[in-house]
Amino acid sequence: MTEDRESVHVAVFASGAGSNTQKIVDYFRNHNSIKISLIVCNKPEAGVLHIADKENIPALLINREKFFNDDAYLDVLKKTKIDLIVLAGFLWKIPLLLIQAYPYKIINIHPALLPEHGGKNMYGNHVHEAVIASGSKESGITIHYVDEHYDNGDILFQAKCTVDENETPETLAQKIHLLEYENYPPIIEGVINKQFLK
Ligand code: GRF
């Protein structure tokens, strides 16, 4: 990414508990060139804000109207010198303005094997319920670039797990989380190190 500065700065956008965010922060804590510089969140009560606080990472609590109608947050991202945006359980659609400002520099993780079981309202247990209801024998994770449609951008990486008999959304969620924790941080590093094509 940027060669003329010491660190590559990453912003993590998250609205939930933030367990992936914690793994990402842990992975890059002592990294010599990649820094988690900002956590962006749209829910004042989200667990991820406690992680930001505990880890001494600046947090930005965003407002819906401003996020979708204004470019003010873009200024904040640019001032913080953010190079890459990582979505980790962020449920709002990313505005076109932001996508255009960060082409192939926004990535997301989805808790199923896209293109199946993605799209609007497909998040959390809704996804796992849909996978089980479909009778599919496997699920997994998809890490992909973000474009202007939900869960649609070019796929960077997928990993699979089985959907066993008597699987519940909760047991499947546990398997998926383990795959996410293991794979998301190194894939983020790979994107920054240009190990992927775009
Ligand atoms: C993850 O399962 C991720 O796939 C999805 O949102 C969930 C976030 O979980 N996009 P957490 O907040 O990181 O625990």
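Ligands are counted one by one from 1 in listed order, and the atoms in each one are counted from 1 as well.
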TODO: Check ligand 1 against Pro111 and write out every atom of the ligand that is under 4.0 Å from a heavy-atom position of the residue.
DONE: 4 (O)
TODO: Find the distance between CD1 (Ile109) and CZ (Phe157) and round it off to the nearest 0.5 Å.
DONE: 8.5 Å
Open item on the list: Please report whether ligand 1 has a polar contact with His110, defined as an N or O pair separated by less than 3.5 Å (distance criterion only).
Closed with: no
Open item on the list: Pairs of nitrogen or oxygen atoms closer than 3.5 Å, one from Asn20 and one from ligand 1: do any exist?
Closed with: yes
Task: Single hit among Ile94, Val86, Leu98 for side-chain contact (heavy atoms from CB on, under 4.5 Å) with Val146 - done: Ile94
- [ ] Answer yes or no for His177: is there a heavy-atom contact with ligand 1 below 4.0 Å?
- [x] yes
- [ ] If you link ILVMFWY side chains whenever their heavy atoms are less than 4.5 Å apart, which other residues fall into the same cluster as Tyr123? By chain and number, please.
- [x] Leu91
- [ ] Would you mind running through ligand 1 and noting each atom that sits below 4.0 Å from a heavy atom of Glu180?
- [x] 1 (C), 2 (O), 3 (C), 4 (O)
Task: salt bridge (charged side-chain N to carboxylate O under 4.0 Å, His left out) pairs, two or more places apart, involving residues 112-139 - done: Glu138-Lys160
- [ ] Have a look at Ser15, Ser19, Ala14 and point out the one with the heavy atom closest to atom 11 (P) of ligand 1.
- [x] Ser19
Task: Under 3.5 Å: N/O of Gly18 near N/O of ligand 1 - done: yes
Task: Test side-chain contact (heavy atoms from CB on, under 4.5 Å) applied to Val25 and Ile36, Val10, Val12, the passing residue - done: Ile36
